[in-house]
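Side-chain atoms are counted along with the backbone in the values below, which use heavy atoms only and exclude waters and symmetry mates. Order of listing sets the numbers, starting from 1, for every ligand and every atom in it.
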Amino acid sequence: MDKMLVRGGKALKGTVHVHGAKNAALPLMAASLLAHEPVTLHNVPCLHDIFSMDKVLSSMGVGIDFTGRSMTLDCTGDIEPFAPYDLVRKMRASFFVLGALLGRFGRAKVSLPGGCAIGTRPVDIHLKGLEQLGAKIEIEDGYVVAEGRMKGANVAMEFPSVGATENLMMAAAVAEGVTRLHNVAREPEIEDLAKMLNAMGAQISGAGTDLITVVGVERLGGVEHVVMPDRIEAGTFLVASVATRGDVLVQNAIADDLPVFLDKLRDAGAEIEVMGNSIRARALNGIKAVDISTRPFPGFATDLQAQMMSLLACANGTSHIKETVFENRFMQAAELIRMGASIDLDGNTAIVRGVDHLSGAPVMASDLRASASLVIAGLMAEKGETAIHRVYHIDRGYERIEERLSALGADIRRVRE
Ligand code: EPZ
């Protein structure tokens, strides 16, 4: 087990390059199951979650060659449509193979993902939608056992679930007839998946809106696809720049992928400059308190909530952060309080009273984005050293973050516990 040691008080300065999006690459890897020829993905991030999905697909018989940032997935051999518990439990997104397996093979046995640190995270919306597309679904010993030929249908999701939208889009792509998916997620990662599926021969329209129409086709072919940049990684570096009163240019950051988030950073007093696919973030003066409510895209991304909480811990005034997407995503609050933050939790709202400064302390990472918020808090702390334990959480979603922050002037290093 590694830990991260951070000594704060240094303004981050320089340029950082954002890698491919974890939350795009994972469903894109799953979508390769639909292809009758090999699929090659470029700009794939080297992250633990990607390695986990590689294991799930390889265990099914998918041939995977992952060299540098390019990954070729070959599903032309014998594929066993089975995703075991010991792999799925490590990463919920493994569940995103279900729709593609049903679409391609008409049967699948996939472990239920179980809960995680940020909530129980059921899959009822996934299963209800797949049943409406013709799947017969049983739950046996913690597994989803599904079979059936996919047939086009009208499906209305009760909540715009990102994963359910991706599972249903993949199943509908090769269903018989037309599918209309209503109240779907509108995240840029959905558009990236639709773009690749269409390049494979699918007929999907409306991705990025709340109604996706899919005309099912017989067969999907191979493709080469470049994974979109990681908007959450971009947002994380932008917050780190502002939180340390720095001046960082984040390259490969698409402003349209972060609409409300950038507005909130500006409302908090940051100077945000958009130059093509780069965004520069500076904090010329102090940080002002702002109120935030996380929402499905294009609202404020829940995956940037924890990072903003660290920034607002030292704002002038009191901020209210409402987490409407997950039921338990304030795990970082208790750790920030140990560093001197003043935060009260009232249901799904965190009341963050700005304090003058944070102080270094030993803290525990609990989930991916909470660990990013603790790194930012450590960079902000003007006194003492912050030791962040269980940094494997951060390695799930950020590549060599300590090297990239050090290149921006941070005093951060990884040590073996
Ligand atoms: C995706 O998770 C992302 N993960 C998450 O990023 C992200 O936080 C989330 O979307 C919301 O934007 C990947 O793309 C791999 P949801 P997903 O289904 O699809 C409830 C990160 O840090 N729900 O949109 O699992 C669910 O409990 C990760 O990179 C149901 O009730 O999220 C949650 O409260 C964390 N029933 C809410 O919807 C369902 O069937 C949003 O979940 C499905 C979801």
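Heavy atoms from both the backbone and the side chain of D124 come within less than 4.0 Å of ligand 1. Contact annotation for K22 and ligand 1: only side-chain heavy atoms (C-beta onward) come within less than 4.0 Å of the ligand. Under 4.0 angstrom from ligand 1, the non-hydrogen atoms of V162 come from both its backbone and its side chain. The residue F297 has no part lying near ligand 1, judged by heavy-atom distances below 4.0 Å.
By the 4.0 Å N-to-carboxylate-O rule, E140 lies too far from K109 to be salt-bridged with it. A salt bridge is absent between E131 and K128; no separation between the charged side-chain nitrogens and carboxylate oxygens falls under 4.0 Å. Using a 4.0 Å cut-off between charged side-chain N and carboxylate O, R414 and E402 make a salt bridge.
At a threshold of 4.5 Å between non-hydrogen side-chain atoms, the residues L5 and T386 do not count as touching.
Among protein heavy atoms, the minimum distance from atom 3 (C) of ligand 1 is reached at N23 ND2, 3.7 Å.
Between the choices R329, H393, R295, R92, the shortest heavy-atom distance to atom 35 (C) of ligand 1 belongs to R329.
Considering N348, T349, T294 in turn, T294 is the only one that fulfils the side-chain hydrogen bond (donor to acceptor under 3.5 Å, both in side chains) rule with E323. K22 pairs in a salt bridge (Lys or Arg N to Asp or Glu O under 4.0 Å) with only one of the listed residues (D303, D395, D49), which is D49. Of the residues R396, R400, R369, R404, the one that meets the salt bridge (Lys or Arg N to Asp or Glu O under 4.0 Å) test with E233 is R404.
Between V325 and ligand 1, at least one N/O pair is under 3.5 Å apart. Annotation: I125 places an N or O atom under 3.5 Å from an N or O atom of ligand 1; distance criterion only. Here's the thing with R369: one of its N/O atoms is less than 3.5 angstrom from an N/O atom of ligand 1. Ligand 1 has no N or O atom lying under 3.5 Å from any N or O atom of E327, backbone or side chain. Between P160 and ligand 1, no N or O atom pair is found at a separation short of 3.5 Å.
Note that the CG atom of D257 and the CG atom of L262 stand 10.0 Å from one another [nearest 0.5 Å].
Ligand 1 has P122 within reach: a non-hydrogen atom of the residue lies less than 4.0 Å from it.
Those atoms of ligand 1 with a heavy atom of L368 less than 4.0 angstrom away are 22 (O), 29 (O). Atoms of ligand 1 lying under 4.0 Å from any heavy atom of F96, numbered from 1 in the order shown and given with element: 15 (C), 19 (O). Those atoms of ligand 1 with a heavy atom of A93 less than 4.0 angstrom away are 15 (C). The ligand atoms of ligand 1 that sit less than 4.0 angstrom from a heavy atom of F326 are 8 (O), 9 (C), 33 (C), 34 (O).
Side-chain contact annotation: D65 with T67, donor-acceptor N/O pair under 3.5 Å present.
Closer than 4.0 Å to atom 33 (C) of ligand 1 lies at least one heavy atom of the protein.
Ring planes of F95 and H126: perpendicular class, angle over 60° (limits at 30 and 60°).
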